[in-house]
Engineer: 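Can you read through this structure? Questions will come right after.
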Protein chains: 2
Amino acid sequence: MTAPSDARARGTRLPRVRRRRQLLAAAQEVFVARGYHAAAMDEIADRAGVSKPVLYQHFPGKLELYLALLEEHSEVLVEKQREALESTDDNRQRVIASFRAYFDFVAGDGEAFRLVFESDLRNLPAVREKSEETFQRCAELIGAVIRQDTSISDEEAHLLSIGLVGMAETSARYWLNNHGSVPKDAAEQLVARLAWRGISGWDLQRAAGEQD
Amino acid sequence: MTAPSDARARGTRLPRVRRRRQLLAAAQEVFVARGYHAAAMDEIADRAGVSKPVLYQHFPGKLELYLALLEEHSEVLVEKQREALESTDDNRQRVIASFRAYFDFVAGDGEAFRLVFESDLRNLPAVREKSEETFQRCAELIGAVIRQDTSISDEEAHLLSIGLVGMAETSARYWLNNHGSVPKDAAEQLVARLAWRGISGWDLQRAAGEQD
DNA sequence: CCCTCATCTTACTCCGGCGTAGGTTCCCCC
DNA sequence: GGGGGAACCTACGCCGGAGTAAGATGAGGG
């Protein structure tokens with residue numbers, strides 16, 4: 001499926017930085033396809049058309065290689081999220097843009113989102129912290145918007161943001177796994193509407209007595 | 001933390017079924033604390049106050065042991081969810097009960113929820129399928145209720161359900177990791193309100209022209 | 001009292017996979 | 001054109017952990 005990049009002629013020499021980039025790409029493919037534990041350094045080297053020691057001349061170990069990728073893609077997600085929220089002043093549009101950002105992230109870059117959302121190494125503190133930090137940063141961006149327009153407490157706003165981010169992540173992943181059943185635009189809009197209905201006018205309802 | 005069950009006197013013999021139950025309990029503790037990969041069969045046996053071959057007289061291998069636990073707790077979650085939705089005919093109360101079920105599940109039984117929600121073995125097809133099946137079954141229960149009261153299409157209702165389940169799971173997990181910041185009741189109610197606002201009266205809005 | 005069978009133990013084998021020692025080839029610059 | 005250094009290779013050490021033989025122990029029936 002999707003012709004695996006360049007298992008190059010196993011004979012071409014490359015300048016250091018170029019090789020490093022290629023190794024990262026190869027590692028991403030393997031980590032995404034197999035997960036951390038089932039990924040073998042041999043396979044990563046093979047896929048890059050190179051032998052194992054070369055890999056170790058660029059990265060001190062398997063873990064560091066993995067962390068480099070995790071770091072990179074976590075940053076991408078947060079950045080996409082920030083851009084989405086800064087793209088407009090209309091909160092309804094913000095919600096839509098925010099969800100689109102999640103769907104874009106999940107749809108993009110060789111399924112790299114699996115490193116961030118589905119890592120099989122979350123039991124390692126370093127990885128757990130990075131994952132949670134990414135999650136929290138996304139939630140915090142959204143929480144700031146919520147707080148801006150409601151009188152809700154900080155902690156409650158944060159919990160709501162967490163829920164919304166979870167909804168975005170989950171529905172985006174589900175949508176990807178079931179491509180074809182719903183087009184991307186429609187899925188984004190649908191879930192965004194659910195979220196927007198949920199938060200818009202929060203204060204008004206509360207003041208009115210918390211009914212229906 | 002919470003005195004680790006019974007690392008028994010390592011000398012007491014037990015009838016077969018009793019031993020089996022105890023082994024499952026020990027395995028759960030270790031799998032939950034360490035994840036599948038970092039969990040050692042030696043440690044599981046130790047924790048049960050028994051030697052490794054005994055473990056293999058009850059379960060053919062590490063994987064089967066793990067699957068037995070996964071299966072068991074997946075079933076618990078779905079059952080809790082079903083009960084919650086059957087507990088009332090008022091949809092607003094249904095939403096609240098449904099979220100409470102998630103929070104209860106996450107709060108209960110030695111954090112066994114980590115096996116279902118945070119397995120580090122999802123790259124194995126058998127595990128992936130079980131996890132997704134559980135998720136889908138929860139979503140389907142909710143989807144049925146949504147379809148009952150709206151004219152929304154089946155596929156769209158399902159996607160919304162997925163989003164809601166993701167929100168429940170995510171917020172429940174977050175709440176557990178940050179105990180003390182918000183009491184359980186308040187957290188449940190808050191997130192449930194978000195969800196209820198999101199879905200209630202969906203058709204009315206749609207008919208009115210999809211504004212705000 | 002002793003035989004039998006189920007329960008349990010010690011002490012291994014085996015294998016996959018990370019990481020490395022030591023030697024080789026090719027390019028570039030003087 | 002040859003010396004030097006960077007890029008690369010083959011081949012191995014080694015360790016953790018799953019799973020397994022082969023023997024010890026204790027409880028109940030004859």
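Values below: all heavy atoms of this structure, side chains included; hydrogens, waters and symmetry mates excluded. Below, read A as the first sequence line, B as the second, and so on, with proteins coming before strands; counting in each chain starts at 1.
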Engineer: Whether the side chain of B:Lys62 engages the backbone of B:Tyr36 through a donor-acceptor N/O pair (distance < 3.5 Å, no angle test) should be reported.
Structural biologist: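 The answer is yes, because a donor-acceptor pair under 3.5 Å joins these two groups.
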Engineer: Whole-Å distance between C:dG19 P and A:Leu63 CG?
Structural biologist: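 For the pair A:Leu63 CG and C:dG19 P, the rounded distance is 9 Å.
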Engineer: Within this structure, what is the CG-to-C1' distance between B:Leu121 and D:dA18, rounded to whole angstrom?
Structural biologist: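 Spelled out: CG on B:Leu121 to C1' on D:dA18 is 14 Å.
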Engineer: Within this structure, what is the CD-to-P distance between A:Glu64 and C:dC18, rounded to whole angstrom?
Structural biologist: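 My rounded result for the distance is 13 Å.
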Engineer: So which atom in A:Ala39 and which in A:Arg34 form the shortest heavy-atom distance, rounded to 0.1 Å?
Structural biologist: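 Residues A:Ala39 and A:Arg34, closest heavy atoms: N-CB, 4.0 Å.
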Engineer: Does B:Glu86 pair with B:Arg94 as a salt bridge, N-O distance under 4.0 Å?
Structural biologist: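 So B:Glu86 does not pair with B:Arg94 through a salt bridge.
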Engineer: Please report the distance, rounded to the nearest Å, between CG in A:Asp42 and P in D:dC12.
Structural biologist: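 In whole Å, D:dC12 P lies 15 Å from A:Asp42 CG.
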Engineer: When the distance from NZ of A:Lys62 to P of C:dC18 is rounded to whole Å, what number comes out?
Structural biologist: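 Rounded to the whole Å, the gap is 4 Å.
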Engineer: Any N or O donor-acceptor pair linking the side chain of B:Lys52 to the base of D:dG19 at under 3.5 Å?
Structural biologist: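 Present.
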Engineer: Between the main-chain N or O of B:Ala38 and the side-chain N or O of A:Asn123, is there a donor-acceptor pair closer than 3.5 Å?
Structural biologist: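 The answer is no, because no donor-acceptor pair under 3.5 Å joins these two groups.
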Engineer: Can you give me the closest heavy-atom contact between B:Ala48 and B:Gln22, atom names plus distance?
Structural biologist: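 Minimum heavy-atom contact is O-NE2, 3.1 Å.
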Engineer: Atom CG of A:Leu55 and atom P of C:dG17: how far apart are they, to the nearest Å?
Structural biologist: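 It is 15 Å, rounded to the nearest whole Å.
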Engineer: When rounded to the nearest 0.5 angstrom, what is the spacing between OG in B:Ser119 and NE2 in B:His37?
Structural biologist: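 If we round to the nearest 0.5 Å, B:Ser119:OG and B:His37:NE2 are 8.5 Å apart.
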Engineer: When the distance from CG of A:Asp46 to P of D:dT10 is rounded to whole Å, what number comes out?
Structural biologist: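 After rounding, the reported distance stands at 10 Å.
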Engineer: Nearest 0.5 angstrom please: A:Glu140 CD to A:Ser161 OG, how far?
Structural biologist: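 Spacing of CD (A:Glu140) from OG (A:Ser161) equals 7.0 Å.
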Engineer: Of the candidate nucleotides D:dT20, D:dA18, C:dG19, which contains the atom at the shortest distance from the side chain of B:Pro53?
Structural biologist: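 My answer, after comparing the listed nucleotides, is D:dT20.
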Engineer: Separation of A:Tyr56 atom OH from D:dT10 atom C1', in whole Å?
Structural biologist: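 Answer to the nearest Å: 16 Å.
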Engineer: Identify whether any heavy atom of B:Ala38 sits under 4.0 Å from a base atom; if not, whether one sits that close to sugar-phosphate; answer base, sugar-phosphate or nothing.
Structural biologist: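 Counting heavy atoms under 4.0 Å across all strands, no contact is made by B:Ala38.
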Engineer: Would you mind building the protein contact string for nucleotides 2-8 of chain C? One character per nucleotide, 5' to 3', B for base within reach (heavy atoms under 4.0 Å), S for sugar-phosphate only, - for untouched.
Structural biologist: ----BBB
